[in-house]
Protein chains: 2
Amino acid sequence: MAETNKGRSEEEVARAFVNHYYHLFDNDRSSLSTLYNPTSLLTFEGQKIYGVEDISNKLKQLPFDQCRHLISTVDSQPSSMAGGCGGILVFVSGSIQLHGEDRPLRFSQTFHLVPLLQGSFFVQNEMFRLNYG
Amino acid sequence: MAETNKGRSEEEVARAFVNHYYHLFDNDRSSLSTLYNPTSLLTFEGQKIYGVEDISNKLKQLPFDQCRHLISTVDSQPSSMAGGCGGILVFVSGSIQLHGEDRPLRFSQTFHLVPLLQGSFFVQNEMFRLNYG
């Protein structure tokens, strides 16, 4: 298992990130902006959004105020094996319960986390899709 | 839109890769081995598999002989913005129709394609999940 800075495995980093991300999403969505940087790229239901401000605005303006994510699976891998940036790919499946809706919506989401010098990570890449059908 | 070697956009590379991958999967699964290299990593329904030979064996030995993938969405992004490897993240959703089964199975799959010197790409990372629900 690949070790990241601070000696945490990529699975530990991925699990901690997933818990943190969805906790912020469900409880304090404006704080998600702290996870991105100016090069970050989000594709949300096919729409590409660049940079901290536009990504943060997109997430805040989604057409539901209250929601709760239920995570089914979390997979993770180092994004490079040969002297790369030490990034981590995180692949999540689960469902979202929207306030006032009977049935949760299934979703899948991919993140590419890239390390900062201080031992933390930011979201370089993020792709989100609802799974209909 | 980021340009890759040979001047193709990452969306063009992603679309061509997706068509090629699922065509091989459904028609000549043993040829999928040509898409991997010794550092490749596949996580299939939570099981991690490393390198060309083990990945190729896993895909050949899946418990169904004939299947047909139907692709619903393909999203793609450059995996690095700051002097990185020129990799491409590809995020796919769709369904698999297994021979003899009534209902197709929904799936999501993430690939990280990394360029080779000749202008082609190999699969560095791959993560696959069925979407139950």
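Residue numbers begin at 1 in each chain, while the letters A, B, ... track the order of the sequences.
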* Asked: Would you say the side-chain atoms of B:Lys48 pair up with the backbone N or O of A:Ser76, donor to acceptor, closer than 3.5 Å?
  -> yes
* Sequence neighbours excluded, which residues qualify as side chain to side chain contact (heavy atoms under 4.5 Å, CB included) partners of B:Leu98? -> B:Phe64, B:Cys67, B:Ile96, B:Glu101, B:Leu105
* Does B:Ile88 belong to the same Ile/Leu/Val/Met/Phe/Trp/Tyr cluster as B:Leu35, with side-chain heavy atoms less than 4.5 Å apart forming each link? -> yes
* For B:Glu53, does the CD atom have more than 12 heavy-atom neighbours from other residues, nucleotides or ligands under 6.0 Å away? -> no
* Residue pair B:Asp75, A:Thr110: steps toward the side-chain contact (heavy atoms from CB on, under 4.5 Å) verdict -> CA-CA 10 Å; B:Asp75 295 310; A:Thr110 295; over 6 Å; no
* To do: Determine, stepwise, if the pair A:Ser79 / B:Gln124 fulfils side-chain hydrogen bond (donor to acceptor under 3.5 Å, both in side chains).
  => CA-CA 8 Å; A:Ser79 62; B:Gln124 172 60 54; over 6 Å; no
* Structure fact -> Under a 4.5 Å heavy-atom criterion, the part of residues 16-32 of chain B in contact with chain A comprises none
* Asked: Hey, any chance B:Phe44 and A:Leu89 share a hydrophobic cluster, counting ILVMFWY side chains that come within less than 4.5 Å of each other, even indirectly?
  -> no
* Quick one: are A:Leu41 and B:Pro78 in side-chain contact, heavy atoms under 4.5 Å? -> yes
* Asked: Contact part of B:Gln109 toward chain A, heavy-atom cut-off under 4.5 Å: side chain, backbone, both or neither?
  -> backbone
* To do: Please work out which of the three classes, parallel, tilted or perpendicular, describes the rings of B:His112 and A:His112, given edges at 30° and 60°.
  => tilted
* Asked: Who pairs with A:Thr73 by side chain to side chain contact (heavy atoms under 4.5 Å, CB included), at least two apart in sequence or on another chain?
  -> A:Ser93, B:Arg129
* **Max heavy-atom pair count under 4.5 Å with chain A, selected residue of B:Ser72, B:Ser108, B:Pro104** => B:Ser108
* Is chain A contacted by the side chain of B:Glu126, its backbone, both, or neither, given a heavy-atom distance below 4.5 Å? -> backbone
* Select one option (side chain, backbone, both, neither) describing which atoms of B:Phe128 are under 4.5 Å from chain A's heavy atoms. => backbone
* Are A:Val114 and B:Met127 linked, directly or through other ILVMFWY residues, by side chains that come within less than 4.5 angstrom of each other? -> no
* Nearest heavy-atom neighbours spanning A:Leu42 and B:Gln77 -> C-NE2, 3.7 Å
* Of the non-hydrogen atoms in A:Arg106 and B:Asn131, which two are nearest, and what is the gap between them? -> NH2-CA, 4.3 Å
* Spell out, yes or no, whether A:Leu70 and A:Leu62 are grouped together once hydrophobic residues are joined by side-chain heavy atoms under 4.5 Å, including indirect joins. => no
* Asked: According to a 4.5 Å side-chain heavy-atom criterion applied to Ile, Leu, Val, Met, Phe, Trp and Tyr, with indirect links allowed, do B:Val74 and A:Phe91 form part of one hydrophobic cluster?
  -> no
* Asked: Of all residues at least two apart in sequence or in a different chain, which pass the side-chain hydrogen bond (donor to acceptor under 3.5 Å, both in side chains) check with A:Asp65?
  -> none
* Please flag which part of A:Leu130 lies under 4.5 Å from any non-hydrogen atom of chain B: side chain, backbone, both or neither. => neither
